[in-house]
Each structure stands twice: as C-alpha cells, then as structure tokens.
Amino acid sequence: MIHYSSYKYKCFPRKDTKEGNGTIEIMKAAILGFGTVGSGAFEALKSSDDVCVKRVLARHPIEGMEEYVTTDMDDILGDSEIDIVAECIGGEHPALDYVKAAMRSGKHVVTPNKNLVSAHYEELMSLAKECGVQFRFTPTAGGGTPWLFNLQRQARCDEIMSVSGIVNGSCNYILDRMQREGAGFDEILADAQKLGYAEKDPSADIRGFDTQRKCVISANTAFGCSIHEEDVPVFGIDKIRSIDIDHFREKGYTCRLMMNASRIEGTDSISAYVEPVLVPPGELAASVPLNNNLIFLTGRNIGTLAFYGQGAGKMPTGTSLAEDMIDIADRSIPTHKAMENHLTVDNTRVFHRYYMRDGDKIRITNNMTVRDAHAFAAKHAGGFFMAGIMEN
Ligand SMILES: NC(=O)c1ccc[n+]([C@@H]2O[C@H](COP(=O)([O-])OP(=O)(O)OC[C@H]3O[C@@H](n4cnc5c(N)ncnc54)[C@H](OP(=O)(O)O)[C@@H]3O)[C@@H](O)[C@H]2O)c1
C-alpha cells in the first residue's frame, strides 16, 4: 500500500484569504471516488473561494494527483481539518459505511449517489441530524439542474402539492429519437451507450428504477416524509416497440417516461408512481429533446415551476455537487425538510386513461386507477406495454 501521510498537503486552489476581509477559513473537503462526478466536482471547486479539496480517496494512484490521493479512508476520517466529505463512489457498499463514518466523525456529507440516498433516506437523514451535520444530495435527481435545491427552498414557506417530470436522460434520448426518426429501440440504445448516455447495463434506466429512486428522493424532499422505493410502482420503457411509437405519432402524442408524486387533499396520503406518459402536443414535456430533463413542482402559493437542463455528465453533475459543498460553507442556505410527516402512498385515487398493447393488440382503456393499471401490467410479462394518457 502506498503511504501518503508524509506529504505536506496543499489545498487546491491555495487561497487562504479573501481580500479586504481579513483571514477567512476555507472549508476543506475530501472526495471519495475520483470517477466522472468526483473529478468533475474537483475541477469545479478550482474556482471556489469557499471550499477546497484536501484529499481524494481512490483505490489506485492517479497521475498528477499524488498530493491528494489516499487509499486509506482513516486518513480522511481522522483529519480534523476536513469538514466535508463528498461521496462519489456510487452504489451502496462501501459508500454507506463511509458516509455513516464521516457523519459520526462530525463531517458534513454531500453525494450524487441516488441508489444510496433512495435506499437509506430515513437512516441517513436521522444520522445527520443526530451528528449535527448537513447532508446534501442535489445531483441525485436532475443531475446538473438545481431541482432539489429549489424544491427544498420552495418547501420552506409553501405547501408543495406535486412533483413530476422527466428525470432520466437516457430514456428521454431513446424515446425522443424513436419518435423523431422512427428508428428501433435496440439501435438507439446502442447509440446512447456509445455516447455515454446509457450504462453498459442499461436495465436500471430503461426498466424505470432510476426514475423510481429520483421519485422517492423528490417526494421525500417535497413533502417532508420518508416513502420507500417499494411504495412506488414502476413501469419502464424496455417493452416499447416501433408499433407503439407509430400509433402515438398518428394520434399526435409524444411518449415520455415520467415520475409523479402528488398530495391527496384532505388525507395523510400521496400518490407516487413512474410510468410512460403520452403527452399531447403543446405540453412542455413533449418538446424535451435528447438526454435532457424537465421537472415540475406545483406549490399552493407559487403555482407551477419548471426546471430544465442536463440530468447527467461530468461537469453538470460535478458542478452541482460542488455547489452543495459551497452551500454548506454558506450557512444561510436551506437544508432538507425534517421527516415530520408520516405520509403513506395511495395510488387508488389517481386515475387516467391508459394505452395498452398486448402483443399486436392495442386498446385505450377508460379511466382506471394507477394502482389497478400497474397491477394489471404486473400480470402481463413479455410483449405488454402501457402508457398513461395525459389529458390537455
Ligand atoms: N455520471 C453522471 O453523470 C451522474 C449523474 C448523476 C448522479 N451520478 C451518480 O454519481 C455516483 C458516481 O457516478 P460516476 O459516474 O462518477 O461513477 P464512476 O465514473 O464509475 O466513478 C466512481 C469512482 O469510484 C471509484 N471507486 C470505486 N470503489 C471505490 C472504493 N472502494 N474506494 C475508492 N474509490 C472507489 C472508482 O474507481 P475504480 O473503479 O477505478 O477503482 C471510480 O473512479 C453514482 O452514484 C451515480 O449514480 C452520476
């Protein structure tokens, strides 16, 4: 193992004072995992006066980063100068253990890791509170768009009624090109993988689980609750075929994979689900091109706001994570709402018409509840596809 402890650490960028204000302590951060987002956040912080990177945790030496890299997490946990830990490894393990250890060491934590935040929301929010540290995760939904940040901000003095939208760029890329070019699903998925928009194993994207995680995180942030992945029924786009797209084009619809979570007035419940949606012409969601995201919040006071932008990518996501770190340094920025509302998910009160195809047989249903539609879909494997129909 390489021992880096003999290095005299420099903080990048080396700025210890702000002109005219006397000496100001710059917050020091450690980045765990130096891949796409970790290296993007490192680049973005080069132009920050508030936060600088002191250490990077990696499994191997990184050329040009010798001063920062350690392979030993204890170097970071035991360093009292490090105030913020940015977990960019991804997945649940060892990310969960590292995040918990960082919080217990009194360090604030930021992460773009939606798998971790969605699966361990309650545990991590509670631990952060218990340890008196901040836990921020703006890039977990919307990537580079400041979606969760503004949702948190709006939730301070408004009642959020619903959150919805397109939060998976890979799926939007596939659907948009199928719709505009009439090309086949497999061909476009292969292109998306070549361009780095889709993972080598695309199942979490195309089966809708990535959107489901973002729905959980957005709903919990909006409503101050702690719903779980298993509460949110999901139907993805992996079964969509050219026959479906031809039908949608003929009827003037555009298909989009969307999340939706809404308060049910007068109850302690919300609806929450993920499904392809047939969007009528003229709606904003119909015109979202390629791998972009478009996310809406509706507040009782503010009405509807829309957030549009890049949902992924090294610099969009890395910059969003860097902004979370700077927000921690700037103590006036809002933190996530406490989990004070015990809301349950009830999809029996939301209903719309559905497009359903079983093999080659297409039908449009009458209004049916989201719960019944997803239960029906669960019984039809193989050649079944469905999409909710958005009414004008
Ligand atoms: N990429 C995006 O645009 C984007 C957007 C939004 C959210 N996210 C989320 O951000 C997280 C990171 O994604 P990414 O795209 O940056 O992944 P990535 O490029 O694969 O980076 C992960 C890095 O972590 C390192 N790593 C793995 N295990 C480690 C360990 N035990 N100790 C230290 N380093 C370790 C990997 O290095 P080696 O394997 O080489 O050792 C790799 O450099 C994920 O949760 C992802 O869902 C990504």
Side-chain angles (χ1 to χ4, degrees), residues 1-2 4 30-44 53 55-65 68-77 85-102 109-121 124 136-149 166-173 192-193 195-205 209-214 216-218 229 290-293 295 307 309-325:
M1 190 177 115
I2 303 167
Y4 293 93
I31 295 178
L32 317 183
F34 204 67
T36 308
V37 181
S39 61
F42 182 85
E43 287 297 315
V53 177
R55 301 308 298 269
V56 167
L57 181 77
R59 290 192 285 199
H60 320 282
I62 304 167
E63 208 185 324
M65 295 288 294
Y68 302 99
V69 170
T70 176
T71 54
D72 186 352
M73 183 64 186
D74 287 338
D75 282 352
I76 291 166
L77 295 175
V85 166
E87 184 283 303
C88 302
I89 292 171
E92 288 186 49
H93 300 288
L96 178 63
D97 288 342
Y98 287 171
V99 163
K100 284 169 32 178
V109 172
V110 298
T111 184
N113 186 342
K114 57 231 159 200
N115 300 40
L116 180 77
V117 177
S118 161
H120 301 278
Y121 189 88
L124 292 176
R136 288 182 173 273
F137 38 85
T138 302
T140 56
T145 59
W147 156 243
L148 287 178
F149 173 85
I166 299 164
V167 286
N168 185 285
S170 320
C171 289
N172 204 69
Y173 178 84
Q193 287 170 313
L195 288 165
Y197 296 157
E199 307 273 337
K200 256 193 220 144
D201 174 1
S203 55
D205 289 328
F209 300 124
D210 178 83
T211 301
Q212 181 194 41
R213 289 172 187 136
K214 292 166 178 171
V216 167
I217 297 168
S218 299
E229 288 169 15
L290 300 173
N291 63 331
N292 287 288
N293 284 196
I295 325 176
F307 299 83
Q310 280 288 312
K314 173 175 166 165
M315 289 319 294
T317 313
T319 303
S320 174
L321 194 70
E323 296 288 358
D324 268 357
M325 293 189 240

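Start at 1 and go down the list; that is how both ligands and their atoms are numbered.
For D201, the side-chain hydrogen bond (donor to acceptor under 3.5 Å, both in side chains) partners two or more places apart in sequence, or in a different chain, are S203.
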Put together the list of close N/O pairs, under 3.5 Å, between ligand 1 and the protein, could you?
from	atom 1	to	atom 2	distance (Å)
ligand 1	3 (O)	G313	N	2.7
ligand 1	16 (O)	T36	N	3.2
ligand 1	16 (O)	V37	N	2.8
ligand 1	19 (O)	T36	N	2.9
ligand 1	19 (O)	T36	OG1	3.0
ligand 1	39 (O)	R59	NH2	2.7
ligand 1	41 (O)	R59	NE	2.8
ligand 1	41 (O)	R59	NH2	3.2
ligand 1	41 (O)	H60	NE2	3.4
ligand 1	43 (O)	G35	N	3.3
ligand 1	45 (O)	N113	OD1	3.4
ligand 1	47 (O)	K114	NZ	3.3

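Looking only at side-chain heavy atoms (C-beta outward), Y98 and V85 stay at 4.5 Å or farther from each other. Contact check for L32 versus M73: side-chain heavy atoms found under the 4.5 Å cut-off.
Side-chain contact check for Q310 and N293: no donor-acceptor pair (N or O, by modelled atom type) lies under 3.5 Å.
Nearest approach of P112 to V37, heavy atoms of both residues: CG-CG1, 3.8 Å.
N113 contributes a side-chain N or O that, together with a main-chain N or O of G91, makes up a donor-acceptor pair within less than 3.5 Å.
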